[in-house]
J.: 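My questions will all concern the structure given below.
Quick note: residue numbers are just sequence positions, from 1. Quick note: numbers below take in every heavy atom, side chains included, and nothing from hydrogens, waters or symmetry partners.
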Amino acid sequence: PGVSTIRPGDRITVPNSLPASRAYPADATPQWRATLASLNVDAAVPKAAKIVVDKSDGVLRVLDAQGKLIGQYTATMGSSRDPLPLGNWKVLHVSPNPDWKMNPKILKTVDDNKEAQIIPPGPNNPVGVVWIDLSKEHYGIHGTPHPEQIGRAESNGCVRLTNWDAARVALMVKGGTP
């Protein structure tokens with residue numbers, strides 16, 4: 001407080017931005033562990049009992065078994081062309097470091113005559129570092145290679161988070177989470 005300029009040699013105090021734990025789940029592949037570590041995602045996350053996507057507030061909320069808020073993340077959800085439909089679904093499964101199947105037949109912004117492509121895994125993949133598959137066909141919760149657009153840009157109907165937030169949510173949920 002009261003400091004307007006920081007000079008070389010000045011002492012500053014900052015929050016610890018490194019995870020307290022990197023004891024990721026035993027079933028996590030070495031690649032997924034490396035991705036989580038590169039995003040500074042803490043392994044010690046609370047377990048989700050429910051996810052609520054709130055289009056009016058532009059957030060995804062994670063609740064525990066008592067209904068207590070344990071995570072809230074700014075999200076992009078759908079667009080005027082591809083709105084996120086309202087409904088109650090469940091998480092089917094989590095796919096870390098997924099490839100992305102660009103299917104022109106289901107993407108309204110891509111010409112149907114364009115050939116389908118498979119984009120390999122990686123942080124620049126259109127679905128980012130993780131795909132959380134939902135029981136609504138073709139819909140999921142996923143990351144993005146463009147974190148600066150979260151809450152500002154539109155999506156093809158899915159719920160899009162930053163890669164680091166999507167990775168945190170992926171560690172909180174399991175198949176069957178509503």
Side-chain angles (χ1 to χ4, degrees), residues 1-80 84 91 94-100 109 119-132 140-174 177:
V3 175
S4 59
T5 306
I6 298 175
R7 291 178 214 79
D10 286 352
R11 296 197 93 170
I12 62 171
T13 303
V14 296
N16 181 2
S17 60
L18 296 175
S21 170
R22 293 200 180 188
Y24 300 118
D27 60 347
T29 66
Q31 294 85 358
W32 182 229
R33 290 171 186 266
T35 298
L36 293 167
S38 74
L39 294 170
N40 280 332
V41 173
D42 198 320
V45 295
K47 296 302 172 199
K50 183 178 184 177
I51 294 174
V52 176
V53 176
D54 187 331
K55 288 172 75 168
S56 62
D57 284 345
V59 297
L60 178 146
R61 293 185 178 100
V62 183
L63 308 173
D64 69 9
Q66 288 72 45
K68 179 181 168 193
L69 181 68
I70 56 174
Q72 179 169 297
Y73 308 97
T74 301
T76 295
M77 351 165 163
S79 66
S80 56
L84 175 68
V91 169
V94 174
S95 297
N97 296 319
D99 56 13
W100 180 63
T109 58
I119 310 299
N124 294 323
N125 177 305
V127 295
V129 299
V130 66
W131 173 264
I132 302 170
I141 301 166
H142 62 83
T144 179
H146 302 288
E148 72 280 4
Q149 294 180 356
I150 295 299
R152 294 182 172 88
E154 297 182 332
S155 76
N156 290 313
C158 292
V159 178
R160 190 184 314 148
L161 305 170
T162 63
N163 276 334
W164 49 89
D165 288 344
R168 283 184 186 95
V169 172
L171 289 176
M172 298 168 112
V173 301
K174 62 181 181 187
T177 303

J.: Could you check if a side-chain atom of V159 sits within less than 4.5 angstrom of a side-chain atom of I51, using non-hydrogen atoms only?
T.: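 No, every pair of side-chain atoms sits at 4.5 Å or beyond.
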
J.: Which pairs pass salt bridge (charged side-chain N to carboxylate O under 4.0 Å, His left out) with one or both residues in residues 17-46, sequence neighbours excluded?
T.: none

J.: Closest approach of W131 and G140, non-hydrogen atoms and distance?
T.: CH2-N, 3.5 Å

J.: Going by the rule side chain to side chain donor-acceptor pair (under 3.5 Å), which residues pair with D165 if we only count those two or more places apart in sequence or in a different chain?
T.: T162, R168

J.: side-chain contact (heavy atoms from CB on, under 4.5 Å) with P145: which residues, sequence neighbours excluded?
T.: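 So P145 forms a side-chain contact (heavy atoms from CB on, under 4.5 Å) with N124.
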
J.: List for me each residue that meets side-chain contact (heavy atoms from CB on, under 4.5 Å) alongside A166, sequence neighbours excluded, and say none if there are none.
T.: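 V130, L161.
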
J.: Which heavy atom in K47 sits nearest to a heavy atom in I70, and how many Å separate them?
T.: O-CD1, 3.4 Å

J.: If you look at every heavy atom in G128 and P98, which pair is closest and at what distance?
T.: O-CD, 4.0 Å

J.: Report yes if some heavy atom in the side chain of L36 is under 4.5 Å from a heavy atom in the side chain of L171; otherwise report no.
T.: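 A side-chain contact under 4.5 Å exists here.
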
J.: So which heavy atom on A170 is nearest to which on V94, and how close?
T.: CB-CG1, 3.7 Å

J.: Compile the donor-acceptor pairs under 3.5 Å between side chains in residues 2-14 and protein atoms, sequence neighbours left out, one pair per line.
T.:
| residue | atom | partner | partner atom | Å |
| --- | --- | --- | --- | --- |
| D10 | OD2 | R7 | N | 2.8 |

J.: Among pairs that include at least one residue of residues 59-73, which meet salt bridge (charged side-chain N to carboxylate O under 4.0 Å, His left out), considering only residues two or more places apart or in two chains?
T.: D54-R61, D57-R61

J.: Would you check if L69 and V62 make a side-chain contact, meaning some heavy-atom pair closer than 4.5 Å?
T.: no

J.: Holding to side-chain contact (heavy atoms from CB on, under 4.5 Å), I want the full list of residues that pass it with L39, two or more places apart in sequence or in another chain.
T.: T35, V41, V129, N163, W164, A167

J.: Taking the side chain from T76 and the backbone from G151, do they hold a donor-acceptor pair closer than 3.5 Å?
T.: yes

J.: Tell me whether K55 at atom NZ has more than 12 heavy atoms from other residues, nucleotides or ligands lying less than 6.0 Å away.
T.: yes

J.: Looking at residues at least two apart in the chain, or sitting in another chain, which of them share a side-chain contact (heavy atoms from CB on, under 4.5 Å) with T144?
T.: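 Only H146, I150, R160 meet the side-chain contact (heavy atoms from CB on, under 4.5 Å) criterion with T144.
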
J.: Heavy-atom distance under 4.5 Å between the side chains of P96 and T29, does that happen here?
T.: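 SC-SC contact between P96 and T29 ruled out.
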
J.: Do the side chain of N40 and the main chain of P19 share a donor and acceptor less than 3.5 angstrom apart?
T.: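 Not a single qualifying donor-acceptor pair exists.
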
J.: Quick one, D99 and P121 - any side-chain contact, counting heavy atoms below 4.5 Å?
T.: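 Sidechains of P121 and D99: in contact.
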
